[in-house]
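None of these values were measured; they are calculated from a predicted model. Letters A, B, ... mirror the listed sequences (proteins, then strands); counts begin at 1.
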There are 2 protein chains.
Amino acid sequence: MTGNAAPGNRGNADRRVRRTRTAIRRALMELILEKGYEPVTVTDLINRADVGRSTFYAHFTDKQAVLFGSLEELDFLRASPSADGPLFAFSLAMFEHVREQRRLVRALLGRRGGREVVAHGERLLTAAVRDELLARGAAPSAHLDLVVTCVVGAFMAMTRAWADDEIVATPAELNTAFRATVVPGVRALLERDPGHRPVG
Amino acid sequence: MTGNAAPGNRGNADRRVRRTRTAIRRALMELILEKGYEPVTVTDLINRADVGRSTFYAHFTDKQAVLFGSLEELDFLRASPSADGPLFAFSLAMFEHVREQRRLVRALLGRRGGREVVAHGERLLTAAVRDELLARGAAPSAHLDLVVTCVVGAFMAMTRAWADDEIVATPAELNTAFRATVVPGVRALLERDPGHRPVG
DNA sequence: CTCCTCTCGAACAATGTGTTCACTTATGAA
DNA sequence: TTCATAAGTGAACACATTGTTCGAGAGGAG
């Protein structure tokens with residue numbers, strides 16, 4: 001092993017390497033679904049993947065590296081900002097997607113989830129929301145960033161609370177409440193802002 | 001030692017007990033300010049407090065117990081809901097309070113903070129916001145709870161992002177953005193709801 | 001087939017947790 | 001002041017987890 005931990009070598013030639021990495025990734029997913037993300041230890045991982053301890057560290061620096069490697073393959077949070085159509089059209093689709101992957105979402109974002117994972121999701125969503133508002137003519141500003149933070153915070157809070165069973169609702173209800181709370185304020189922002197609407 | 005870990009015995013007679021507990025609490029606060037909450041270990045605590053390991057466990061079950069004991073004395077999040085005055089009047093005061101206690105807030109809520117601490121703060125704030133909306137005539141409902149979750153999520157997200165230096169702003173700016181995002185939606189909710197306005 | 005890479009697995013040093021116990025000390029009440 | 005007792009000490013323990021190292025051996029590429 002050349003010691004290249006967590007490289008981008010997706011299509012590695014050596015069958016052994018592929019076997020090891022996929023075994024570890026699969027083990028992580030399984031364990032996450034069973035216990036949540038935080039409680040999973042490297043020791044769990046190598047036991048489940050049936051892989052030597054040294055082998056693990058030859059490929060990944062820690063469990064987070066494994067997760068973030070796998071996360072790229074999931075297309076959660078692939079919210080492509082749209083300038084037309086309803087504001088924040090992503091929300092309903094996302095809430096529904098979250099319901100489908102509920103166990104995983106709870107494990108990653110919920111109480112037993114991981115701080116870094118939430119932060120990662122927040123970053124992705126923040127970028128998407130910001131882009132959408134810019135595409136709809138909002139002027140880039142500190143104020144805009146604050147508003148984006150609010151919107152993302154609201155969305156993540158609902159998702160987390162719902163995944164954790166703190167609230168009971170359908171995706172449609174989540175969506176309605178989210179939009180009812182946030183859209184009026186954002187719409188006011190957009191209208192107040194003359195903006196250079198790039199097409200409609 | 002009778003083995004009563006973390007009791008409510010605030011005014012304990014024995015001077016030794018008081019000495020031990022305050023030493024541990026003070027140690028936790030100091031260490032939190034130095035390293036953030038998560039990295040602090042029980043071992044750190046007993047070294048700093050200069051207290052035997054067994055003594056620590058005679059008084060507290062873990063570091064979280066120490067924190068939650070101390071937290072009661074801080075009057076963060078003492079947002080008394082008001083039925084009159086502007087909606088969410090607590091927000092500016094709270095943002096300002098947060099600025100004063102910035103180092104502590106960052107340590108508790110920020111990247112190096114603790115999951116449970118955030119959850120605790122969220123619970124307190126959720127209750128306060130919910131009460132305020134009820135006091136202003138909103139009907140108790142699942143929808144209301146969802147909206148409250150949004151509002152609290154937005155507030156916490158701003159606070160955290162700001163404490164972590166992800167965004168730069170004054171309390172007034174935070175307050176403006178928060179209210180601009182959230183108040184229109186909430187106001188619409190209250191107006192749509194005939195409600196039994198109890199005075200105002 | 002052969003050579004090189006990867007894996008194995010065990011051992012290691014660190015660090016942390018939570019418990020136990022015999023011993024010493026401080027405290028508060030009489 | 002005396003003294004029974006509640007409290008603190010400190011060291012040792014078993015255990016879990018991390019991240020590293022190394023020689024031996026197996027597996028794959030070419």
Aromatic rings B:F90 and B:F88: how do their planes relate, parallel, tilted or perpendicular, breaks at 30° and 60°?
perpendicular
Holding to salt bridge (Lys or Arg N to Asp or Glu O under 4.0 Å), I want the full list of residues that pass it with A:R26, two or more places apart in sequence or in another chain.
A:E30
OP1, OP2 of D:dA7 versus side-chain N and O of B:H59: anything below 4.0 Å?
no
In short, ring-ring contact (aromatic ring centres under 6.0 Å, His included) pairs touching residues 15-53 of chain B with sequence neighbours left out are none
Using 4.0 Å as the upper bound for N to carboxylate O, is an ion pair formed by B:R160 and B:D164?
yes
CZ of B:F60 versus C1' of D:dA7: gap in Å, rounded?
14 Å
Walk along nucleotides 10-18 of chain D from 5' to 3' and tag each nucleotide B, S or - by protein heavy-atom contact under 4.0 Å, base first, then sugar-phosphate.
B------SB
Any idea which heavy atoms bring A:A138 and A:L190 closest together, and the distance?
CB-CD2, 3.7 Å
Side-chain donor-acceptor distances from residues 108-118 of chain A under 3.5 Å, at least two apart:
from: A:R111; atom 1: NH2; to: A:E166; atom 2: OE2; distance (Å): 2.7
from: A:R112; atom 1: NE; to: A:K35; atom 2: O; distance (Å): 3.1
from: A:R115; atom 1: NE; to: B:R111; atom 2: O; distance (Å): 3.3
from: A:R115; atom 1: NH2; to: B:L109; atom 2: O; distance (Å): 3.4
from: A:R115; atom 1: NH2; to: B:G110; atom 2: O; distance (Å): 2.9

Please work out which of the three classes, parallel, tilted or perpendicular, describes the rings of A:F155 and A:F178, given edges at 30° and 60°.
perpendicular
Any chance you could list the contact pattern along nucleotides 22-30 of chain C? Use B for base contacts, S for sugar-phosphate-only contacts and - for none, protein heavy atoms under 4.0 Å, 5' to 3'.
---BBSS--
Whole angstrom value for the distance that separates C1' of C:dT15 from CD1 of B:I46:
13 Å
By salt bridge (Lys or Arg N to Asp or Glu O under 4.0 Å) - contacts of B:R102 (at least two apart):
B:D165
